[in-house]
Amino acid sequence: MDEPLSELVRVRLSRNQYRTLSEAAAVSGQNLSNYIRRRLAAADALAEELNLLRQAVNRLDQISQAHAAAVESALLARAHARPEQIAIAHAAMKRLGIESLPA
């Protein structure tokens, strides 16, 4: 349920800003107050979406770093493994449906 609109905010605009906003409100079929209110709400929603996107990018970066560390560890382990150990690992991966690296 929407709250009743009771608070008034006065904002100074340049003539050009006022004209631009008034024209955009008219084109959208809204009065100026409603148009500005909707634009503010959209800006808030966009800010929240950008924040969520930043968080997702940070998680991807962390996953990428973890992936790089896992690959490095696997390569180091493989460098020290005997051929029969690699064959055992490949057989286990095949059973799990995981494609192994070529020998």
Side-chain angles (χ1 to χ4, degrees):
M1 180 166 118
D2 290 327
E3 284 186 64
L5 304 177
S6 60
E7 303 302 317
L8 179 64
V9 177
R10 292 182 57 129
V11 178
R12 291 192 184 276
L13 302 172
S14 69
R15 285 180 202 238
N16 190 40
Q17 289 172 320
Y18 180 81
R19 187 177 4 191
T20 300
L21 287 170
S22 294
E23 289 171 2
V27 167
S28 70
Q30 301 175 59
N31 65 42
L32 185 57
S33 291
N34 195 43
Y35 179 78
I36 291 172
R37 233 184 340 272
R38 287 178 184 255
R39 290 273 307 261
L40 289 171
D44 287 347
L46 179 59
E48 178 61 25
E49 289 294 323
L50 286 173
N51 185 41
L52 292 173
L53 184 57
R54 281 187 196 98
Q55 291 174 14
V57 168
N58 286 338
R59 282 193 298 275
L60 286 175
D61 185 48
Q62 291 169 355
I63 290 169
S64 177
Q65 290 173 10
H67 180 261
V71 169
E72 182 179 11
S73 297
L75 290 172
L76 287 169
R78 188 172 187 180
H80 294 288
R82 295 187 310 268
E84 60 272 13
Q85 293 170 315
I86 293 173
I88 292 169
H90 283 185
M93 291 174 69
K94 186 175 183 178
R95 281 193 305 275
L96 294 171
I98 302 170
E99 186 176 334
S100 61
L101 295 171

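Fair warning: this is a prediction, and the values are worked out from it, not measured in the lab. Hydrogens, waters and symmetry mates are skipped; everything else that's a heavy atom, side chains included, is used.
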Could you tell me the separation between the [atom1] atom of [X] and the [atom2] atom of [Y], rounded to the nearest 0.5 Å?
X     : Y     : atom1 : atom2 : answer
Glu72 : Leu75 : CD    : CG    : 8.0 Å
Leu76 : Arg78 : CG    : CZ    : 12.5 Å
Leu53 : Glu49 : CG    : CD    : 8.5 Å

Exercise. Looking at His90 and Ser100, what are the two nearest heavy atoms and their distance?
Worked result: CD2-CB, 3.4 Å
For this session: Check the hydrophobic clustering (I, L, V, M, F, W, Y; side-chain heavy atoms under 4.5 Å; chains of links allowed) and say if Val9 and Leu40 are grouped together.
Result: yes
Kindly give the cluster partners of [X], where membership spreads through any ILVMFWY side chain lying under 4.5 Å from a current member.
X     : result
Ile88 : none
Leu60 : none
Leu52 : none

Problem set entry | Sequence neighbours excluded - salt bridge (Lys or Arg N to Asp or Glu O under 4.0 Å) pairs with any residue from residues 81-98 | Arg82-Glu84
Exercise. Arg39: what forms a side-chain hydrogen bond (donor to acceptor under 3.5 Å, both in side chains) with it, not counting sequence neighbours?
Worked result: Tyr35
Problem set entry | Heavy atoms from other residues, nucleotides or ligands near CD of Gln55 exceed 12 (cutoff 6.0 Å) | yes
Would you tabulate the side-chain donor-acceptor contacts of residues 19-34 under 3.5 Å, counting partners in other chains and residues two or more places apart, or write 'none'?
from  : atom 1 : to    : atom 2 : distance (Å)
Thr20 : OG1    : Asn16 : O      : 2.8
Ser22 : OG     : Tyr18 : O      : 2.8
Ser28 : OG     : Ala24 : O      : 3.3
Ser28 : OG     : Ala25 : O      : 2.9
Ser28 : OG     : Gln30 : NE2    : 3.2
Gln30 : OE1    : Asn34 : ND2    : 3.1
Gln30 : OE1    : Arg38 : NE     : 3.2
Asn31 : OD1    : Ser33 : N      : 3.2
Asn31 : OD1    : Asn34 : N      : 2.7

For this session: Classify the side-chain pair Gln62/Asn58 by whether it contains a donor and acceptor separated by less than 3.5 Å.
Result: no
